[in-house]
Structure formats: C-alpha cells, structure tokens
There are 2 protein chains.
Amino acid sequence: MTTPRQNQLLALLLKRGQTQVQDIAQELGASLATVRRDLTDLEAQGRVERLHGAAQIASAAREEVAFAARESVNARAKRTIAATAFGAVKPGATVFLDASTTVLQLVRHIIAMDQPIKVFTNSLRVAQELALVSHVDLSLIGGRVREENLSMVGPLACAALNNLWIDQLFLGATAIDNEGTLSSVDADEAAVNATMMARAAETFILADSSKFEKRATHAVTTLREGHRLITDLPPPPAFAAHAKRADISLTIANSADT
Amino acid sequence: MTTPRQNQLLALLLKRGQTQVQDIAQELGASLATVRRDLTDLEAQGRVERLHGAAQIASAAREEVAFAARESVNARAKRTIAATAFGAVKPGATVFLDASTTVLQLVRHIIAMDQPIKVFTNSLRVAQELALVSHVDLSLIGGRVREENLSMVGPLACAALNNLWIDQLFLGATAIDNEGTLSSVDADEAAVNATMMARAAETFILADSSKFEKRATHAVTTLREGHRLITDLPPPPAFAAHAKRADISLTIANSADT
DNA sequence: CTTAAACGATCAAAATTTTGATTGAATAAG
DNA sequence: CTTATTCAATCAAAATTTTGATCGTTTAAG
C-alpha cells in the first residue's frame, strides 16, 4: 500500500507540518518527480493534502487508521467504558450498536447477559458476533459496506433508520471538540450517525479520553440536553464546563466496576 | 492480493475440483515453477489445499455456520449449477445474491473473477465472504437476521428492496411444484424472495433436481415468462411441459462445460 | 498583466520483480 | 527397498515497475 519512502514522507509531514516539495525531495534524497508521484499516490489515498509547492497531512487522515490497528489502541479504557455502558442497558429495550471499536467491546457483555434483547446495528462485525446468540433478536439496517470498518452507510442505511424507533443508542465517537460537536472522518458515516441520533430516545456516546479536543472533517451533530457521554478520564475543563451548562450527562467509567 | 493468473487458477479449481499441477500449468500457459509459486501463495492465504502433484480449493473455505449439513447435500450438483449461473453474469451488472446454499457457491466464482461488480445481498454469509474483496462493491439490504440461514428478512428488508432496481437476481429455490410455483418454509423468507423478483430485470432460479415436485408451506410466486431456471438434471416431464408452455427458460447445467 | 515557480506528461535508464530451466532433496507408489 | 515423480531452491533471462531529466502548460504572487 505505501512504500517505505512514502512512510518516511508521511513521518516528515507529521513532524514538520506543511512542508515545501523542494525540502521533502532534499530530505528524502529523491527527485522532485518522485516526490510528486508519491504525493499523488498519498493524495489518492486521502492521506495528504497538496498545496501549490507544498504538502501536509490530510486533516481527515489524522484519525483514520485501519480498524484492526485502532481496536487495540486504548483497549483497557474501551473495556472499562463498555462495562459502564452495559450497566445502562435497560432490560427489554431495543438497542442500537454502531460500528465503532468501543461499542464492539459492549457486544461481549450482551453475549453474556441472560435476558432477551433486541439489537439493531450497522456493523458487520457486530452482526457476526451476535448472529447466532439465541437471546439476541438481531436486525441490520442495510447499506453499502465500507471496507474500512465493515459498517453499512449511505442512503439505504439512512432510509432504513428513518423507519425505526430506537430506545437506546450506543455510539462510539471519533472526535469531540470543546463545544460538544462530534465529528467523523467519513461523510457517509457522519450522516448515518446523525440519523441514528435523531431516531433514538436515549443516546450514549462512548469515547475514551483521547477523543477530546479533536475535530475530524465531517460534523455529525452537537451534543444536547439528555445526551450521555461515557469516558474513562475527566475531560478538559472547557468541555466539562460546556457539558454542565448544556445539561449533558457525563460519566467517568471506573475500572473497579468491570 | 491475487494476480489475474491466480484468479484464473482459482476459477479453474472451482470448475474442475482437484486438478493435477501439470494440467494447471498447461491450462494457464505457465511453467510448472510459476504454478507452484502461485499455489504456495494461495496456500498461505488458505484458499487452496495442495496434495502431492495436485491441488484443490481449500475445504476450510467451505466451512459452515448453521447450515453446514445442507451445503454438502448435492454439493456437486450445486457447484455445476453455480458455474453455469456464473456464465450468465453480465460485466458491469448489479447482481443480487440471495441466502441459499446454491447461490453461495456462485460467490466463489465472483471472488475469483477479475472484473469489478456491484453485489447486493440479504445473506450475512455472502457478506462475510465478499466484504473485503476489493473488486466487489457490496451492499446489504437490512432486516431481521434469521438464525437458520443468516438471511435478512422482514419489513425492513422488503422496504429496502423496494428502493432498488436489480439487473440480475440469483435465487435459490427450496421447492418447485409442477405448476412452476416456488415455495419456502418461512413466511418472511417467502415474502422477501417475492419482493426481490418484483425488483429484478432478470431472475435466475438455481435449483438442483431434488427440489422438483416439492411444496413448502409458504408460496413465493409462480414462475412466469422470462424467468430462467438452472438445474442439473432434466426436470419431471410434467414440469418441463409447463415450462415450455409458459415460456420459462430451462438450462441443464453440464459439469463438462465447467 | 507579467513572471517565476510548480505542475503533469513523456521517455529512456535503472532497479526491481517475475518467470522458466536446472539442480539435488523429498515423497509416494510399487 | 527401489524408483519414478514431485517438490523447493537457485540463478540468469525477461518483463515490469520505478526513477529522474526534460519538456510545454498551469498556477499564483507581485
């Protein structure tokens, strides 16, 4: 996918920020033509942005890592958060699980529970885990399958959601800024997430502390009264203050109760 | 991941079953050394099994969830039927694959082809197989997941279908009576199948010969002009006569042309 | 509007990968 | 145990990809 030199190039951009094409060529010991070709490749992959005479890491790519790699990042925090979220699941409720790695941790608890439950999801991964669990009544929304994280997105997904009413939505966050705005690296994914929230009576946002003070390209929505955020460490003061004003419930998951 | 020649090789093994390395080399117009290298690659990917002097598609690739038993019934006939059906797939078409075991055989051919294709399905099994295949643009319709065969059914599934237009539908049959009526054991499955047929320009019914002169509880629809039936042995005369009158195309798949 | 720099396209040279023949070792059949 | 194949390793030739220089064109700053 990426050559060693392209990785060097990405590392350089991460270190230096916006960098002149000339400087990149000198630093890598390659010709301008080669650097330009690499930039064209990386641009096609959505990993860098080009300006006239310079380049920088694509804003979208700062968070977009392969799903498998992401799964292990902050795994402990995610498990803790998932355990706390599971405590909020109401018996007999219809829940929706999104396609995030944090929510995937929640699936383990659902498999182990002894009450029947209705689960909707847009995640093929979640579907694989729950398909044959007898106390789970599983439904998928449809949609185009994103290879990135095996989620279903697009118009088909949104249309299906608009015919549903969900009791409890569990949503993993990619980025949360201090004004409480959620954002995502993929436009389709963002649109689907926004639709989910519009159709849910209760929304739980699961986000480990690394997600704060971040923004991705595509805004999902801004947290409002009644939304509940579950995280693993106290958030930045600026966000905490905003949450208090806006009446957003804030839960710090404690690893003791896992 | 796989070169065009490796795809050819997989397609060849699907058609012929176990094949001599010598024959593969001759068929592909490559040297023995090259074929062996390809086999080593494909073996490392778990896609083929090697014997001394020969190779075949890995049996692990046929591993099953709930309906393992059914898949092996009449497996040879199903493979033959699937190979013939694959010959009918038009380049660039949008195809729909249902959740039957016969159609699942067709998936192997789609994985091995080297043209891009758009696939819709209501089968979680098909989705698992195709999710990460790069030349396949995969979409699922939604719906409640049936544990029996991991298909998606119900109102959500039908609603999604009603927003689609499908070029080529490949549908496995449970039972076909002599009047050309298809029937199914599950009411939801029958309803979804009927909806699929209403949305498809071309419908191919894949049914091995054991499905004739059978009825199940829930009627799907009655075959009409233009519908195409692919089977492995000549059907009962009563059905054949009806098919001729009703202008239903009838293809007997021949294992020789696979 | 002018101009200097950056850009994409093209092409030959260089580097890399793929291929097929040959070898001795391993394997299964008799 | 013997023997005829098949197998993996090696190496040079062939094919493919990558690279850097040079063009005319496009872009943005003055």
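The chains referred to below are lettered A, B, ... by the order of the sequence lines, with proteins before strands, and numbering in each begins at 1. From a predicted model like this one, the values you see are computed outputs, not experimental measurements.
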J.: Which whole-number value in Å describes the distance from Arg5(B) CZ to dG20(C) P?
T.: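 Rounding to the nearest Å, CZ of Arg5(B) and P of dG20(C) are 7 Å apart.
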J.: Among Leu12(A), Val35(A), Leu9(A), find the residue that satisfies the side chain to side chain contact (heavy atoms under 4.5 Å, CB included) test when tested with Glu27(A).
T.: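 Of all the options given, the one that passes is Leu12(A).
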J.: Between Asp186(A) and Arg146(A), is the closest basic N to carboxylate O distance under 4.0 Å?
T.: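 Yes, this pair counts.
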J.: Atom NE2 of His52(A) to atom P of dG8(C): distance rounded to whole Å?
T.: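 So the two atoms are 9 Å apart, to the nearest Å.
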J.: Which sits closer to the 5' end of DNA chain D, Gln22(B) or Gly29(A), going by the nucleotide each is nearest to?
T.: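 The residue closer to the strand's 5' end, by nearest nucleotide, is Gln22(B).
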J.: Asp38(B) CG to dT19(C) C1': how many Å, rounded?
T.: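 Answer to the nearest Å: 11 Å.
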J.: For the CD1 atom of Ile230(B) and the CZ atom of Phe170(B), what is their distance to the nearest 0.5 Å?
T.: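 Here the interatomic distance stands at 7.0 Å.
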J.: Could you state the CZ-C1' distance from Arg36(A) to dT25(D), rounded to the nearest angstrom?
T.: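 One finds 13 Å between C1' of dT25(D) and CZ of Arg36(A), rounded.
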J.: What is the nucleic acid contact for Leu39(B), judged by heavy atoms within less than 4.0 Å: base, sugar-phosphate only, or nothing?
T.: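 Nothing, no nucleic acid heavy atom in range.
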J.: Looking at the side chain of Ala33(B), which of dA21(C), dA6(C), dC7(C) is the nearest nucleotide?
T.: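 Nearest to the side chain of Ala33(B) among the choices is dA21(C).
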J.: Given atom CZ of Arg37(A) and atom P of dA9(C), what is their separation to the nearest angstrom?
T.: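 My rounded result for the distance is 11 Å.
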J.: Starting at CZ of Arg50(A) and ending at P of dT27(D), how long is that distance when rounded to a whole Å?
T.: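 To the nearest whole Å, that distance equals 13 Å.
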J.: Between C1' on dT19(C) and CG on Asp41(B), what's the gap in Å once rounded to a whole number?
T.: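 So the two atoms are 13 Å apart, to the nearest Å.
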J.: When you check the phosphate oxygens OP1 and OP2 of dG20(D), does a side-chain N or O of Thr34(A) lie under 4.0 Å from one of them?
T.: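 So the side chain of Thr34(A) is within the cut-off, an N or O lying under 4.0 Å from OP1 or OP2 of dG20(D).
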J.: Quick test of your reading of the model: are Asp38(A) and Arg5(A) salt-bridged, counting only N-O distances below 4.0 Å?
T.: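 A salt bridge links Asp38(A) with Arg5(A).
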J.: In whole Å, what is the span from the CG atom of Leu32(A) to the C1' atom of dA21(D)?
T.: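 Checked: the CG to C1' distance equals 11 Å.
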